Amino acid sequence: MNYNKAEFERAYGISSQLPKSDNVEIAFAGRSNVGKSSLLNKLFNRKSLARVSSVPGKTITINFYDVDSVKFVDLPGYGYAKISKQEKERFGELMEGYFKSGRNIKLVVLLVDMRHKPSADDFGMLEFMREMNIPFIIVMTKADKLNKTEFKKRIEESEKEFAGFDNCTVIPFSSQSGLGLDEIKKQIELSIN
């Protein structure tokens, strides 16, 4: 798969706008400000194809990118408290509409911030994917922000934290150094072949 050919297709704000799912889809989910856009840009080898924001809760649409006819889907970040009740409802409808509309989702890449324990929202997302029988991997972002001791400690803790999710793949990742990028690409390609 040639990630350099990635193109932004379209953003959708309500689930009724979503296109039919004719192609394989790889979805990216995680809390607001966890680094989804940074991961996508690193994957696509671009500086700003996916918009990176310093303000959490900025991605409030589902954004589709095309890579060799595989759809990469950037889902809105969850868990950001400073959005209105109306926006939260729209967000819930959008996410549910995406996951429950019989789409051809081959893999969800769930991003969690490596510096912190997974949140209740992260575990809620993991439970939801397990219930929906959707394959997923966990990518621990911002790995470069930890020193060696902290990194090792978080790896050990994460093994316990995610133990209930049947041998799921957990990949430490840094958008700065590219740590974990090859493994993420490998998991994506395994899921679509």
Side-chain angles (χ1 to χ4, degrees), residues 26-63 65 72-83 87-88 91-92 94-95 98-99 105 107-130 134-188 191:
I26 307 293
F28 293 78
R31 285 177 62 83
S32 295
N33 221 16
V34 73
K36 285 191 304 299
S37 300
S38 299
L39 169 56
L40 285 165
N41 286 328
K42 194 75 177 169
L43 206 53
F44 301 153
N45 200 21
R46 303 280 179 82
K47 284 255 188 296
S48 57
L49 185 62
R51 288 197 194 97
V52 177
S53 172
S54 58
V55 182
K58 262 313 207 201
T59 305
I60 49 172
T61 53
I62 293 183
N63 299 326
Y65 300 86
F72 282 67
V73 185
D74 183 9
L75 299 169
Y78 52 76
Y80 187 59
K82 291 184 185 172
I83 58 173
E87 272 298 285
K88 275 188 183 158
F91 169 81
L94 189 57
M95 292 290 274
Y98 175 76
F99 280 111
I105 304 166
L107 184 70
V108 172
V109 179
L110 180 69
L111 283 71
V112 296
D113 187 329
M114 188 168 186
R115 298 170 300 176
H116 312 289
K117 291 187 181 309
S119 68
D121 288 328
D122 292 326
F123 283 118
M125 191 70 187
L126 287 165
E127 285 296 345
F128 176 74
M129 287 185 294
R130 181 157 60 187
I134 300 169
F136 63 88
I137 61 171
I138 297 167
V139 171
M140 297 175 75
T141 61
K142 308 185 184 192
D144 52 279
K145 307 251 192 266
L146 299 171
N147 66 35
K148 279 183 180 164
T149 308
E150 293 165 334
F151 182 92
K152 186 172 181 285
K153 183 177 178 226
R154 282 301 300 132
I155 291 289
E156 287 165 4
E157 288 171 349
S158 72
E159 285 170 10
K160 293 183 190 113
E161 291 157 0
F162 301 125
F165 295 94
D166 309 328
N167 301 322
C168 66
T169 301
V170 179
I171 304 167
F173 171 73
S174 163
S175 62
Q176 300 299 312
S177 69
L179 170 77
L181 189 66
D182 289 342
E183 183 59 27
I184 294 166
K185 287 181 178 178
K186 183 178 138 192
Q187 292 299 322
I188 289 169
S191 74

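Computed over heavy atoms, backbone and side chain alike; hydrogens, waters and symmetry mates excluded. Keep in mind it's a predicted model, so treat the numbers as computed, not measured.
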Nearest atoms (heavy-atom pairs only) where Gly178 meets Lys42: CA-CE, 3.7 Å
Report the C-alpha separation of Ile138 and Leu126 in whole Å, then their side-chain angles, then the decisive distance to 0.1 Å, and conclude whether the side-chain contact (heavy atoms from CB on, under 4.5 Å) test is met. CA-CA 9 Å; Ile138 297 167; Leu126 287 165; 3.9 Å; yes
Under a 4.5 Å cut-off applied to non-hydrogen side-chain atoms, are Leu179 and Phe151 in contact? yes
Closest heavy-atom contact between Leu107 and Gln187? CD2-O, 4.0 Å
Lys/Arg N to Asp/Glu carboxylate O, Arg31 vs Asp121, below 4.0 Å: yes
When rounded to the nearest 0.5 angstrom, what distance separates CE in Met95 from CE in Met125? 4.0 Å
Around atom CG of Asp182, are there more than 12 heavy atoms of other residues, nucleotides or ligands at under 6.0 Å? no
For Asp122, does its backbone N or O pair with a side-chain atom of Ser119 as donor and acceptor, under 3.5 Å? yes
In terms of side-chain geometry, is the basic nitrogen of Arg154 or Glu157 positioned less than 4.0 Å from the acidic oxygen of its partner? yes
Do Glu183 and Phe173 come close enough that some side-chain heavy atom pair is under 4.5 Å? no
Distance check, rounded to the nearest 0.5 Å: Leu146 atom CG versus Ile155 atom CD1? 9.0 Å
Validation row: Arg130, Glu127 side chains within 4.5 angstrom (heavy atoms): yes
In Å and rounded to the nearest 0.5 Å, what is the OG1 to CG distance from Thr61 to Asp74? 7.5 Å
Closest heavy-atom contact between Ser175 and Asp144? N-OD1, 4.3 Å
Roughly how far apart are Thr141 OG1 and Leu110 CG, rounded to 0.5 Å? 10.0 Å
Roughly how far, to the nearest 0.5 Å, is CZ of Phe99 from CE of Met129? 6.5 Å
Hey, does Pro76 have a side-chain heavy atom less than 4.5 Å from the side chain of Ile62? yes
Does the pair Lys152/Glu156 count as a salt bridge with the N-to-O cut at 4.0 Å? yes
Working to the nearest 0.5 Å, report the span between CG of Leu40 and CG of Asn63. 9.0 Å
Determine whether the side chains of Asn41 and Ser38 contain a donor N or O and an acceptor N or O closer than 3.5 Å. no
Compare every heavy atom of Ala143 with every heavy atom of Met114, then report the nearest pair and how far apart it is. SD-CB, 3.7 Å
Take a 6.0 Å sphere around NZ of Lys185 and say whether it holds more than 12 heavy atoms from other residues, nucleotides or ligands. yes
Looking only at heavy atoms, what is the nearest atom pair of Lys36 and Phe28, with distance? CD-O, 3.4 Å
Quick one, Val108 and Leu75 - any side-chain contact, counting heavy atoms below 4.5 Å? no
